[in-house]
Amino acid sequence: MADITDELIKLERSSEEARAKLAGLDGEEYAAQWRRWAAAAEAFQAAVTAHATETKQPRHEVEMAAKKAVRHADEDPVE
């Protein structure tokens with residue numbers, strides 16, 4: 001598993017939260033939220049690329065590790 005930072009997790013979580021807010025929107029509200037989500041997703045992707053380059057890790061492994069960390073953090077440990 002790739003080595004990731006808390007900042008990558010924070011950026012991915014922000015992107016996913018922005019994406020989730022698209023549900024139920026339409027028209028200009030949807031377009032505005034889509035731009036916020038796109039900006040958050042672009043920030044995450046840029047950070048993944050920079051981190052992978054700096055640490056000499058495969059980029060896709062860094063991205064998947066961050067996404068997995070965010071998904072597992074959202075799961076209920078009781079279930």
Side-chain angles (χ1 to χ4, degrees):
M1 174 105 96
D3 179 37
I4 58 173
T5 64
D6 290 341
E7 182 64 18
L8 287 174
I9 293 170
K10 178 182 168 189
L11 288 168
E12 172 58 6
R13 185 171 291 123
S14 175
S15 175
E16 282 301 299
E17 288 170 355
R19 183 191 57 77
K21 290 179 182 177
L22 288 167
L25 299 178
D26 61 2
E28 185 51 41
E29 288 179 329
Y30 181 89
Q33 184 59 36
W34 188 92
R35 287 188 295 273
R36 286 189 285 276
W37 166 71
E42 288 172 12
F44 170 68
Q45 293 296 327
V48 166
T49 299
H51 183 74
T53 300
E54 290 169 10
T55 60
K56 297 182 177 25
Q57 296 180 84
R59 190 202 175 288
H60 71 280
E61 289 182 14
V62 171
E63 181 177 357
M64 290 296 98
K67 288 179 180 280
K68 184 176 180 180
V70 169
R71 277 195 305 264
H72 288 300
D74 291 341
E75 292 178 0
D76 185 349
V78 176
E79 293 182 9

query: Between Q57 and T55, do the side chains contain an N or O donor and an N or O acceptor separated by less than 3.5 Å?
result: yes

For E54, all residues meeting salt bridge (charged side-chain N to carboxylate O under 4.0 Å, His left out), sequence neighbours excluded: none

- prompt: What residues, two or more places apart in sequence or in another chain, satisfy salt bridge (charged side-chain N to carboxylate O under 4.0 Å, His left out) together with R36?
  reply: none

Value rounded to 0.5 Å, distance of [atom1] in [X] from [atom2] in [Y]:
X	Y	atom1	atom2	result
E42	S15	CD	OG	10.0 Å
Q33	K21	CD	NZ	6.0 Å
I4	E12	CD1	CD	9.5 Å

- request: Can you spot which of L11, I9, L8 makes a side chain to side chain contact (heavy atoms under 4.5 Å, CB included) with V70?
  value: I9

query: Does any non-hydrogen side-chain atom of E16 lie less than 4.5 Å from one of R71?
result: no

Stepwise side-chain contact (heavy atoms from CB on, under 4.5 Å) test for D6 and K10: CA-CA 6 Å; D6 290 341; K10 178 182 168 189; over 6 Å; no

task: For T49, check side-chain hydrogen bond (donor to acceptor under 3.5 Å, both in side chains) against everything at least two apart and list the hits.
output: R59

- prompt: Linking Ile, Leu, Val, Met, Phe, Trp and Tyr by side-chain heavy atoms under 4.5 Å, what else ends up with L22?
  reply: L25, Y30, W34, W37

message: Looking at E63 and V48, would you say the former's side chain and the latter's main chain have a donor-acceptor pair under 3.5 Å?
response: no

- line: side chain to side chain contact (heavy atoms under 4.5 Å, CB included) filter on E61, not counting sequence neighbours, yields A2, P58

task: Identify, with sequence neighbours excluded, every residue that meets side chain to side chain contact (heavy atoms under 4.5 Å, CB included) alongside A31.
output: E28, R35

